[in-house]
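Have a look at the structure below, then the notes.
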There are 4 protein chains.
Amino acid sequence: MRLAAGQPNNSNWMIERGVKKTSRAERKARRPHEILEAAFEEFAAKGYAATRVEDIATRLRITKGTVYLYFPTKDVLFQEMFRHAATSSADLSTAIGCLRGSCAERIRDLLLIAYENTANDRKTRELLRLSVAEGARLPEMVDCRHELFIAPTLAALTALVKEGVKSGELRQDTAADTPDVLASSIVQVAAWRLMSADREPIDGKALMESHIDLVMHGLVQPSGRMA
Amino acid sequence: MRLAAGQPNNSNWMIERGVKKTSRAERKARRPHEILEAAFEEFAAKGYAATRVEDIATRLRITKGTVYLYFPTKDVLFQEMFRHAATSSADLSTAIGCLRGSCAERIRDLLLIAYENTANDRKTRELLRLSVAEGARLPEMVDCRHELFIAPTLAALTALVKEGVKSGELRQDTAADTPDVLASSIVQVAAWRLMSADREPIDGKALMESHIDLVMHGLVQPSGRMA
Amino acid sequence: MRLAAGQPNNSNWMIERGVKKTSRAERKARRPHEILEAAFEEFAAKGYAATRVEDIATRLRITKGTVYLYFPTKDVLFQEMFRHAATSSADLSTAIGCLRGSCAERIRDLLLIAYENTANDRKTRELLRLSVAEGARLPEMVDCRHELFIAPTLAALTALVKEGVKSGELRQDTAADTPDVLASSIVQVAAWRLMSADREPIDGKALMESHIDLVMHGLVQPSGRMA
Amino acid sequence: MRLAAGQPNNSNWMIERGVKKTSRAERKARRPHEILEAAFEEFAAKGYAATRVEDIATRLRITKGTVYLYFPTKDVLFQEMFRHAATSSADLSTAIGCLRGSCAERIRDLLLIAYENTANDRKTRELLRLSVAEGARLPEMVDCRHELFIAPTLAALTALVKEGVKSGELRQDTAADTPDVLASSIVQVAAWRLMSADREPIDGKALMESHIDLVMHGLVQPSGRMA
DNA sequence: AATGAATGAGGGTTCATTCAT
DNA sequence: AATGAATGAACCCTCATTCAT
């Protein structure tokens, strides 16, 4: 006996009879999120052009067609994925508010937090890769990353340095105008990890500590600074 | 002076008018180089997968087929291009030999030279982009870049720091063990330029100076270091 | 009844008018078979290299891409096609079992059956063409044909001749050692048809009868055999 | 100093000074022949479509361009090659005139000669392959082969059989009308060799002898023919 | 909602043919 | 006469996208 032609070939009858674990509604609500996560993995691993929509679907054990139910084109999916990944990453603002101690201590802690959330966080690191790789294709992408990650950190850094200079704890110097250099080792670690792909792991934390020590106290013997 | 399109392809008229400058042999000898240069531009701009061999050819006003006379596959072309671009870039070794002054001065000069040749040199910068973007695809590529650019610079840096520590000019500290952090601002500038694509130009030189000043003398007031 | 080109691709009108006979599933199940058949026609007509995958597709009113849904490469398609065509061709074994009469009669009937299934069967004949044309490319192809067609026939022939010699019905002679020559006219007819392409049709059956008569009774007058 | 424009870039100055072994004229006269021979080898080995003009040139250690000096297109080259190979093959007519002995003996000798010149001659055998493989493409090719090889042999065979029947040496039978079947084993051996590609060599001569014996004296015991 | 068969627009690569040297 | 760089038309194969089920 064949199914009547008018009847939709409802493949979900199991669900309706209580066999389900997750309701259809739940599933549907979760789908976009799942797809964005899968897209992140694939795009990060292979880049935009080399990633096939089917690869993303397969990762979720669904089919291409389903992806297109939620995102109209590969391009849109990529952008949404980027925005999603950038947004879902850890939020620095609360951490920044909790800093205690001298300016130097707070700068140090801020840098370490930023490091943990950037160079040491795989997701954020891969977003950096995509920004570099596909940056020319999607300028807004870069701006998005900048606004969410970099700008707040730099703002906090700038504020801290200003405060320190005012209180006399920190030197008033050209460096005070470009506090971004304080964070340069974060980028360095991230870049290294992106390129070495774990073939030559480095101790990022140690490198951060070294850099912080350096930018705080300088390489040159203080006596030498008399001149 | 461009050739008129309708011109009969008389084999001699060009010669007779002195228009001909490049003989066939010359042209052929130059072709591989030209193609590698064009490939560099295209691959750097769009990445491996998104670049069409035809784009590379069109840039030289030749056809796809001609490219394949010199390189057997797109993949080989990419690798050769990378090697070529990496090799043809400026050589630091001579510059390193000419450094004069105190250790601090020489470190400063070395960093500025490295900056000029890396973050401030478009070619090298784009190689960094490719290393990040396609690094997973071609680990050797990254190693190639590392050996040619980074290793020598770091070696020189390490030697200078050691010398300075020995002579007492520089502090003996954890930082002395990881001299790479001295160069972190180079990576930072490079990364910034790769991502902003000149939409938000930065004064790389000033940033370098700031960073060098910082890592040399520290952000913290020297009096605070007595402890 | 063909579909009008301008017809809106309304998903239901065909069903409602009873035009739809093949469901999607049926169609899919049939596709590999259809493609193999179409491939047979094209490859047989033009040879491997000169056949375009698109030709095969067009024959089925589908597109190239669809062919690649079922066969990964042109090469695999060719091999599968060959195997399919060889396997699907008539099976001699049952026919061989039904032979009755004297050895001479059974040999005669066997040869005629083999003729019908080989030289007189277009499919088998074209497989012979492919074996000759592309044999160097694919030795296994030839072996495949040999095992399926030739070996069984020769085995039966050998058995019959042995039986006849034992019973005294047939001459014991060098010919008894190489019963394959009994079947040579089959090859001859097949070769002729492959080359003349029906421009000069021959009466294969008559030729077979002549040959069988000859190999049975000899061209030479029996009295002349005294010498 | 560059060559004057009017002077032909004579690369053969060595020849003119007596360095040569073969004069340019000789060379030129031989070229078409050489190319046809090389074309035969390549086309026979790979078929028309799969053979590249460059393969043919390389075999002669010349370049593609040179081939095009003598033959306007690949297609023409193929046809000329076929005609050349067919023509240059051994001529049966003289051999046929030398036959001596009874009709049976002369038929036997004729078949053996035809075998030597056809199934046992690599060149002729490969022409058979091409006729089968590309026959549909070029009907004239097949006719060419037919006229040169098959027709004369069959004519001689027919004449001999007629003569034998008239003189009473040979049976008057249906077989006398289709003397081609006498030659069927030649085709059989040729076909076998073309397909097995020497992987399973057969003793063609023995097979020929068997077949001749069979068609002459029959497989059935002469006593059985009394009935 | 989900599927996956089908499409068709390319992109990589090959190769017959041309032509300046 | 000979070369071989260059061309451009195909051909194989892939994949984003659609749509009937």
Side-chain angles (χ1 to χ4, degrees), chain A residues 3 5 7-12 15 24-25 27-28 31 49-55 57 62-70 72-75 77, chain B residues 9-12 14-15 20 23-25 27-28 31 49-55 57 62-70 72-75 77, chain C residues 9-12 14-15 20 23-25 27-28 31 49-55 57 62-75, chain D residues 3 5 8-12 15 24-25 27-28 31 49 51-55 57 62-70 72-75 77:
Chain A
L3 274 66
Q7 179 174 347
N9 60 347
N10 187 337
S11 61
N12 292 329
I15 295 176
R24 196 204 304 216
R27 175 108 265 177
K28 178 177 176 183
R31 268 285 137 80
T51 294
R52 301 180 308 144
V53 173
E54 190 155 23
D55 294 337
I62 60 177
T63 60
K64 279 183 300 193
T66 306
V67 174
Y68 280 93
L69 290 178
Y70 297 91
T73 66
K74 181 185 176 185
D75 202 90
L77 172 57
Chain B
N9 57 352
N10 181 323
S11 63
N12 286 327
M14 281 172 59
I15 296 175
K20 184 177 162 252
S23 77
R24 193 119 126 180
R27 175 107 282 183
K28 177 180 180 185
R31 271 283 137 83
T51 295
R52 299 181 309 147
V53 173
E54 190 156 22
D55 294 337
I62 60 179
T63 62
K64 272 190 299 190
T66 304
V67 175
Y68 281 94
L69 289 180
Y70 298 90
T73 64
K74 181 185 176 185
D75 203 271
L77 172 56
Chain C
N9 58 351
N10 181 322
S11 62
N12 286 328
M14 282 171 59
I15 296 175
K20 186 176 162 254
S23 76
R24 193 120 126 180
R27 174 108 283 181
K28 178 179 180 185
R31 270 283 137 80
T51 295
R52 301 180 309 147
V53 173
E54 190 156 22
D55 294 337
I62 60 178
T63 61
K64 272 186 302 190
T66 304
V67 174
Y68 282 96
L69 289 179
Y70 298 89
F71 300 94
T73 65
K74 181 186 176 185
D75 203 90
Chain D
L3 275 66
N9 61 347
N10 188 337
S11 61
N12 293 328
I15 295 176
R24 196 207 303 217
R27 177 108 262 177
K28 176 176 178 184
R31 269 284 138 82
T51 295
R52 300 181 308 145
V53 173
E54 189 155 24
D55 295 336
I62 60 178
T63 60
K64 279 182 300 192
T66 306
V67 174
Y68 281 92
L69 289 179
Y70 297 92
T73 67
K74 182 185 175 184
D75 202 273
L77 172 57

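In the text below, chain A, chain B and the rest are named by the order of the sequence lines, each starting its count at 1. All values below were derived from every heavy atom in this structure, side-chain atoms included, with hydrogens, water molecules and symmetry-related copies excluded. Because the structure is predicted, anything quoted here is derived from the model rather than measured.
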Nucleotide nearest Arg31(C) (side chain, heavy atoms from C-beta), chosen from dA6(E), dA16(F), dC13(F): dA6(E)
Shortest non-hydrogen contact from Lys74(B) toward Thr51(B): NZ-O, 2.8 Å
Euclidean distance, atom CG of residue Leu69(C) to atom C1' of dA16(F) [Å, nearest integer]: 14 Å
Pairwise 5' ranking along DNA chain E for Tyr68(B) and Gly65(C), keeping only the more 5' one: Gly65(C)
Euclidean distance, Leu77(B) CG relative to Tyr70(B) OH, rounded to 0.5 Å: 13.0 Å
Separation of atom NZ in Lys74(C) from atom P in dC11(F), rounded to whole Å: 9 Å
Euclidean distance, atom CG of residue Asp55(C) to atom P of dC12(F) [Å, nearest integer]: 8 Å
Rounded distance (Å) that lies between atom P of dA5(F) and atom CZ of Arg27(B): 14 Å
Pair assignment for dA1(F), Watson-Crick or G-U wobble, requiring both distances under 3.5 Å: none
Given dC12(F), dT7(E), dA1(F), the nucleotide with the shortest approach to the side chain of Tyr70(D): dA1(F)
Protein-nucleotide distance (Asp75(B), atom CG; dG11(E), atom P), rounded to Å: 18 Å
Proximal nucleotide (of dA6(E), dC12(F), dT7(F)) relative to the Thr66(B) side chain: dT7(F)
Over all atoms of both residues, closest heavy-atom pair of Ala50(C) and Ala49(D): N-CB, 3.8 Å
dG12(E): pairing nucleotide in any strand, Watson-Crick or G-U under 3.5 angstrom: dC11(F)
Lys64(A) side-chain proximity, nearest of dA16(F), dC12(F), dT3(F): dA16(F)
Partner nucleotide of dT17(E) by Watson-Crick or wobble geometry (both distances under 3.5 Å): dA6(F)
Nucleotide dC13(F), atom P - distance to CZ of Arg52(A) in whole Å: 16 Å
Whole-Å gap separating P (dA16(F)) and CD (Glu54(A)): 9 Å
Main-chain N/O of Arg52(C) paired to Lys64(C) side chain as donor or acceptor, under 3.5 Å: no
First of Ile62(B) and Ile62(D) reached from the 5' end of DNA chain F, by closest nucleotide: Ile62(D)
Pairwise distance CZ(Arg31(C)) to CZ(Phe71(C)) - rounded to 0.5 angstrom: 11.5 Å
